Amino acid sequence: MTPVSTYEHIIDELASKDYVVVDGLIEAEILSELKAELLKKHTEEELKRAEIGNGANSSVNDLIRSDKISWIDTDSKIPCEQAYYQAVNAFYTYLNQACFTGISDFEFHYACYEKGTFYQKHIDRFKNDSNRKFSFITYLNDSWQHGDGGELKLHLDDEVIEVEPRFGKTVIFKSHLIEHEVVENHRQRFSVTGWLK
Ligand code: OGA
Ligand code: MN
C-alpha cells in the first residue's frame, strides 16, 4: 500500500508545478515483475513500432518517435499487470476525492527504446481527442548511469527539467500543458507509460 503522505506530496507538486517526479509510488516487486513481462514480450518480438496520431490518422514516423510498445489490457489476468492497475486505481481514486479531477479511465503500454532511439518534443494529446488528463510514466531501468542518455525533458515556460529514467521512478504531468521529449538514448530503455483520462 502506498502511504497517504506520498499521495499528498504528489497532489501538492501537481498543484504548484503541473508535474511531479516521485519514487516508490509503485512497489518495487510489482515493477520487477513488469520488467520481466516486458523483457519476455521483447524476446518474443511482441512489441510493435509506436505510431503517432490516433485512429485513421495514425502512422509510424521515424523522424518523430522510434520506440516500440505493447498495450496492457485493462482486464489483464497477469498478476503484476493487475497489481499495477490496482495501484494506479488507488492513486487516481485518492486524487479524484482530493481534487475533483474526475478521472474515470486509463490506458497504459509497455515501452522499449532501443539504443539510438528517441521521441521528439510533443504534447500527449491528439488533435481530435482531448481526454487525456495526466501522463503517467514509470521507469524500469536498473543501474542507469549519468551519460546513458534517454532523459525525459520537460519543457516548462522558463526552464527545462531533465529526468533520468531510473528504476522505480514515476513521472506524472498534466497532459495538455507540458511539452516534453525523450532524448536519444545510448542503451535500451524500458518503461510503462500511460494516461489517466
Ligand atoms: C510518450 C512519452 C516519455 C518517456 O510515450 O508519450 O512522452 O519518458 N514518453 O518515456
Ligand atoms: Mn509523451
Side-chain angles (χ1 to χ4, degrees), residues 19-54 57-73 76 78 80-81 83-84 87-88 106-126 132 134-156 159-173 175 178-195:
Y19 78 92
V20 60
V21 181
V22 62
D23 268 308
L25 176 56
I26 313 287
E27 279 170 51
E29 195 182 322
I30 297 174
L31 297 181
S32 298
E33 289 172 24
L34 285 174
K35 172 83 176 278
E37 200 57 40
L38 171 48
L39 288 174
K40 197 171 101 198
K41 288 189 189 300
H42 187 266
T43 308
E44 292 170 359
E45 298 188 359
E46 278 179 37
L47 302 173
K48 301 290 177 238
R49 277 294 307 279
E51 300 190 339
I52 54 169
N54 64 347
N57 295 319
S58 61
S59 60
V60 168
N61 186 324
D62 290 328
L63 300 177
I64 296 179
R65 72 183 294 189
S66 37
D67 56 325
K68 292 182 291 187
I69 66 167
S70 175
W71 290 96
I72 302 175
D73 285 344
S76 166
I78 298 172
C80 61
E81 295 180 349
Y84 186 77
V88 168
F106 54 80
E107 54 184 355
F108 280 81
H109 61 61
Y110 293 105
C112 169
Y113 287 76
E114 301 289 2
K115 191 174 168 180
T117 60
F118 55 83
Y119 194 161
Q120 301 271 21
K121 199 154 113 177
H122 65 282
I123 292 226
D124 280 351
R125 274 201 174 176
F126 302 118
R132 289 175 164 182
F134 291 93
S135 303
F136 187 120
I137 306 154
T138 304
Y139 298 111
L140 303 175
N141 306 294
D142 298 299
S143 64
W144 196 270
Q145 302 284 322
H146 193 68
D148 283 344
E151 294 90 357
L152 170 68
K153 280 192 180 173
L154 302 175
H155 294 268
L156 310 183
E159 64 179 321
V160 177
I161 306 292
E162 270 194 20
V163 183
E164 292 190 336
R166 293 179 189 274
F167 187 91
K169 201 187 269 186
T170 295
V171 185
I172 306 170
F173 56 89
S175 300
I178 299 199
E179 264 196 306
H180 57 283
E181 69 181 305
V182 178
V183 304
E184 184 173 337
N185 57 311
H186 310 308
R187 55 175 270 196
Q188 262 180 340
R189 175 193 195 271
F190 296 108
S191 60
V192 176
T193 297
W195 294 274

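No experiment lies behind these values; they were computed from the predicted model shown.
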Minimum heavy-atom distance between [X] and [Y], given as atom pair plus value:
X    : Y    : answer
L38  : A111 : CD2-O, 3.8 Å
S175 : I123 : O-CG2, 3.3 Å
R65  : E51  : NH1-O, 3.0 Å
A87  : I26  : CB-CD1, 3.8 Å
G168 : L31  : CA-CD1, 3.6 Å
V60  : R49  : CG1-NH2, 3.3 Å

Validation row: [X], [Y] side chains within 4.5 angstrom (heavy atoms):
X    : Y    : answer
L25  : F136 : yes
S191 : T138 : no
D73  : E81  : no

Under the side-chain contact (heavy atoms from CB on, under 4.5 Å) rule, collect the residues that match up with [X], sequence neighbours excluded.
X    : result
S32  : F167
E29  : E33
L39  : K35, F190
K121 : H155, E179, E181

Could you list the donor-acceptor pairs under 3.5 angstrom formed between side-chain atoms of residues 142-150 and any protein atom two or more places apart in sequence or on another chain?
{"residue": "W144", "atom": "NE1", "partner": "G149", "partner atom": "O", "Å": "3.4"}
{"residue": "H146", "atom": "ND1", "partner": "E164", "partner atom": "OE2", "Å": "2.6"}
{"residue": "D148", "atom": "OD2", "partner": "Q145", "partner atom": "N", "Å": "2.7"}
{"residue": "D148", "atom": "OD2", "partner": "R187", "partner atom": "NH1", "Å": "3.1"}

- Query: Who pairs with Y139 by ring-ring contact (aromatic ring centres under 6.0 Å, His included), at least two apart in sequence or on another chain?
  - Reply: none
- Any residue meeting ring-ring contact (aromatic ring centres under 6.0 Å, His included) with Y84, in chain and number order, not counting sequence neighbours: F108
Show me the side-chain donor-acceptor pairs of residues 112-119 shorter than 3.5 Å, one per line, residues at least two apart or across chains.
{"residue": "E114", "atom": "OE1", "partner": "Q188", "partner atom": "NE2", "Å": "2.9"}
{"residue": "E114", "atom": "OE2", "partner": "H42", "partner atom": "NE2", "Å": "2.6"}
{"residue": "E114", "atom": "OE2", "partner": "K68", "partner atom": "NZ", "Å": "2.7"}
{"residue": "T117", "atom": "OG1", "partner": "E114", "partner atom": "N", "Å": "3.1"}
{"residue": "T117", "atom": "OG1", "partner": "E114", "partner atom": "O", "Å": "2.6"}
{"residue": "T117", "atom": "OG1", "partner": "N185", "partner atom": "OD1", "Å": "3.4"}

- Query: Is there a side-chain contact (heavy atoms from CB on, under 4.5 Å) between V171 and L152 once you walk through the steps?
  - Reply: CA-CA 9 Å; V171 185; L152 170 68; 4.0 Å; yes
- Would you please name every residue forming a salt bridge (charged side-chain N to carboxylate O under 4.0 Å, His left out) with E184, sequence neighbours left out? none
Between atom [atom1] of [X] and atom [atom2] of [Y], what is the distance when rounded to the nearest 0.5 Å?
X    : Y    : atom1 : atom2 : answer
T193 : I69  : OG1   : CD1   : 9.0 Å
N61  : Q120 : CG    : CD    : 9.0 Å
I137 : I172 : CD1   : CD1   : 9.5 Å

Considering residues at least two apart in sequence or located in another chain, which fulfil the side-chain hydrogen bond (donor to acceptor under 3.5 Å, both in side chains) criterion with [X]?
X    : value
D124 : H122, S135, H180, W195
S70  : none
E151 : none

- Query: Would you say E45 has more than 12 foreign heavy atoms packed within less than 6.0 Å of its CD?
  - Reply: no
- Counting only N and O atoms by type, is there a donor-acceptor contact under 3.5 Å from the side chain of R189 to the main-chain atoms of N141? no
- Task: Spell out, as yes or no, whether a donor-acceptor pair under 3.5 Å connects the side chain of S76 to the backbone of I78.
- Result: yes
